[in-house]
Amino acid sequence: MSYVEDPGPGYGALPPRAAFTSDAPSLSLNGTWRFRLSPSVAAAPPGVEGDEFDDSAWDELPVPSLWQLHGHGRPAYTNVHYPFPVDPPHVPSENPTGDHRLRFDLPADWPAGPAVLRFDGIDSCGRIWLNGVELGVTKGSRLPSEFEVGPLLRPRGNVLAVRVHQWSAGSYLEDQDMWWLSGIFRSVTLLARPAGGIGDHWIRADYDHESGLGTVRVETGPDVVLDIPELGVSGHPAGEPLALPVEPWSAETPRLYAGTLSTAAERVPVRIGFRTVTIEDGQLEVNGRRLLLRGVNRHEHDPRTGRVVSPETALADVLLMKRHHVNAVRTSHYPPDPAFLELCDEYGLWVIDECDLETHGFGPLGWDRNPSGEPMWAEACLDRMRRTVERDKNRPSVILWSLGNESHTGENLARMAAWVRHRDPTRPVHYEGDHDCSYVDVHSRMYATPSEVERIGQRDDANARRRELPFLLCEYGHAMGNGPGGLLEYRELFERYPNCQGGFVWEWIDHGLVTADHFAYGGDFGEPIHDGNFVIDGLVFPDRTPSPGLAEYAKIIEPVRVGPDPAGIRVSNHYDFRSTAHLAFTWVLEDEGTAVARGVLDVPVVHSGQSVVVPRPDLPVTRGESWLTVSAVLADATAWAPAGHVAGWGQLLVSPAPPRPSRPARGPVFRTAGRLILGDGEFDPATGAMTTFGGHAVRGPRLDVWRATTDNDRGASAGRPDASLWREAGLHRMQHRVIGVDADGDELVVRTRVAPPAQAFGFFADYTWTAFDDGLRLRVAVTPDGPVPETIPRLGLTMAVPGTFGSAEWFGGGPGEAYPDSRQAARIGRFSSSVDGLQTPYVYPQENGNRIDVRWARLTDPDGRGIRIDGDPRFAFTARRWTAAELEAARHTSDLVAGPWVHVTLDTAQHGLGSASCGPGVLPPYRLVPQKTEFSLLFSTSR
Ligand code: IPT
């Protein structure tokens, strides 16, 4: 059997060891290499390893890279399904094979002696030669491999050849939900290994929260000494334990002590974090404190380079996470570039480090011949686990090892767990697929509903072992498209039940790939089998712009909460460790959204888990509706945010809106020369529809219950998709029958019945228009008629105003979009935006941009002329340059083309978002059940 199809882990590599740098010489081999792609192994040219081989006609390719993103072959996306026949361990004969060659010289001062050639990641299988000599074969794409090369090196003209196969037996173990991409995608480095230098080492640094003592002991070779100048440790023999008072490491206070390991021949810089992970009484604790994991699942993704993630990009992720209060990362579903974990140590994030293992595609086949249970894969599985643990064992941020993802269950997984437990008893083992928890240390689930989590919290479980374990959601809150909705309910459970210790939203980033004018997803590269936009399910867009989902999550997990209390203002500390001593508290009073006073609030230091109530500051009298916003902000800059960064905020209503003075109706409806005029509005006498307002052409407003369906509306995870129900009912194509237009008195009354074709149900919609000095009031009465569907997407009006009305201003919820079950991030204020800026550019276009709790909104042209709409008291609106139908039909953002109108929705209610693209649907309180409804709006001309 060829090495490509051999289920084993490869051959020739050195035993795995910790990732580290040292003062020994090293040479980065990243850069421009020669490259040639062959359609199969058989078609690959012979002799590429040879010195004399002529590669001058080959292309150039950067290393690291994934060749499909450089014009060789095409990316392909599948979630669960293998894109090749499931015939383990065989792979297609048409196996794209990329030959990579690099000629390099050694620096003049390169020392003679041992040297190691290190590959941080090759997808999926690489065969490697140096100067004509084969070094070996590596599999396990997201894991390092090292080869001894010292005797082979020559000062000049070294020839490194790497033959990479897109498919290998290893592909069966790498069925993660992501793009299939191939190449040498992480760094390649040559490392001199001085005789008497430092080999593998393990810095075991524990913390005893009772004594305040840290203990450090380094497991490594002989004659290594440890220095930690800051702790006065100098020349300490590495193997000896050393106990001394230290500040512990936590994700909240990532205290690292810089030190060195040294021998006469080599110095290795180290950063030591003291912390101890335990499971006590069914709770996961670090340094004696229960953790609440406010996590995300992070794939490595860059919209241009795919899984080649630069250190700058890794840092961008860490900073974004920290600024949005994320405190934990699951490295779904493989170990990340090692640089990312160093950043987690430095900036402070709890990490579940997951092995590069997923065999999901066996699921649809009933898990028949699943590698997790087949002896022929045992060695490959163990090899992957060893390489994960050995590489990352020195990272204090890593608190749990995960065996992999979605690989069902089997003996190989149990053996991996046993190996981890033996090798590293200091970190618990995680794997969601061990449903009985027979070989894991924490109970983990994905996408469990709030009621399931509640049962787990109540330890209502027949399985005695599982019942006693800490519980976490390794995936929840599927962030596909517009959503997720319903995160707040989970937070409440995590806070109510001590064993429910949080979870990891799926997922951090949309895996869209850059094209000329949009981000691409599955199917955009002509893949015969693919899973479309299921790969677009992140809290940040592909370019790392935060999505509204991230704003919502940040608000839900903010470490400090501020809110009203009968005695003033309540401030609660939801950090797991820290007090509020590093925070300052500021307040601002806004009168109808305009700041009228500000100050600093005196808040005593609040300890973790505690809360205080402080009196409200003295406030000036305001005329309009006024709100006090109190923010807890960083008093000083940190490594990850400037001073003033908000750690939590809350609002208190200071005075409600004064009642609108009641004025007499201004008067009659005029019918002149076939025209129907009331106040500033002109109406079509036959249909009763408004045609102009304040001299501007308009269309509508009229009843509308449709929204461009979201991924969650269409999602089937919670049973029949809401969108199917709505579409079958015909809610997207309602017809409006005019029953009567009555313009005889002071009011214009238009009675209609709005109903879809082929259906017996409908909605009576009566529009009553009255003119006042301050505008035209519209009262809408909606009465369901007949067997209406169980839920509807929204209830409100749609109208169109001139395309020149390109600016919006409103007083209400903002600044971003919000929906009934995703509205925590919206605060009450006065906001403005261009109409274009109101759009959320979901990679797969869908309903977006809804602003809630709006008291009034203005849409104006560049001269400030336009329309103002007041709620009675509130409404929600969207404004966009295309219709909901056009939004629904679009497949990429570039399909959305501005038309001549601005289409506006004015709603009294919306259905929630839920998480049914993968997870629970819209929870009962957020479902929009049609019922008899009345609402009013006041239309006036703006200026
Ligand atoms: C779950 C996977 O673990 C994850 O990789 C991703 O595919 C996610 O679903 C959906 O985006 S598995 C699923 C069967 C719940």
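Remember, it's 1-based here, ligands and their atoms both numbered in the order they're listed. Because only heavy atoms are used, hydrogens play no part in the values below, and waters and symmetry mates are left out as well, while side chains stay in. Numbering starts at 1 and runs along the sequence shown.
Note on Glu354 versus Arg298: no salt bridge recorded, every NZ/NE/NH1/NH2 to OD/OE distance being 4.0 Å or above.
Here the rule is side chain to side chain donor-acceptor pair (under 3.5 Å) with Asp722, and of Arg927, His911, Arg714 only His911 fits it. For the side chain to side chain donor-acceptor pair (under 3.5 Å) with Trp506, the qualifying choice from Asp537, Asn297, Asp177 is Asp537, the only one to do so.
Residues passing the ring-ring contact (aromatic ring centres under 6.0 Å, His included) test with Tyr497: none are found, sequence neighbours excluded.
Ring geometry for Phe541 against Tyr842 counts as tilted: the plane angle lies between 30° and 60°, on a 0 to 90° scale.
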Using a 3.5 Å cut-off on N/O to N/O, what pairs does ligand 1 make with the protein? A line per pair would be great.
{"from": "ligand 1", "atom 1": "3 (O)", "to": "Asn405", "atom 2": "OD1", "distance (Å)": "3.4"}
{"from": "ligand 1", "atom 1": "3 (O)", "to": "Asn405", "atom 2": "ND2", "distance (Å)": "2.8"}
{"from": "ligand 1", "atom 1": "3 (O)", "to": "Glu475", "atom 2": "OE1", "distance (Å)": "3.2"}
{"from": "ligand 1", "atom 1": "3 (O)", "to": "Glu475", "atom 2": "OE2", "distance (Å)": "2.7"}
{"from": "ligand 1", "atom 1": "5 (O)", "to": "His333", "atom 2": "NE2", "distance (Å)": "2.7"}
{"from": "ligand 1", "atom 1": "7 (O)", "to": "Asn79", "atom 2": "OD1", "distance (Å)": "3.4"}
{"from": "ligand 1", "atom 1": "7 (O)", "to": "Asp177", "atom 2": "OD2", "distance (Å)": "2.5"}
{"from": "ligand 1", "atom 1": "11 (O)", "to": "Asp177", "atom 2": "OD2", "distance (Å)": "3.4"}
{"from": "ligand 1", "atom 1": "11 (O)", "to": "His478", "atom 2": "NE2", "distance (Å)": "2.8"}
{"from": "ligand 1", "atom 1": "11 (O)", "to": "Trp506", "atom 2": "NE1", "distance (Å)": "3.0"}
{"from": "ligand 1", "atom 1": "11 (O)", "to": "Asp537", "atom 2": "OD2", "distance (Å)": "3.1"}

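Ile279 has its side chain out of reach of Leu469: every pair of non-hydrogen atoms, C-beta onward, lies at least 4.5 Å apart.
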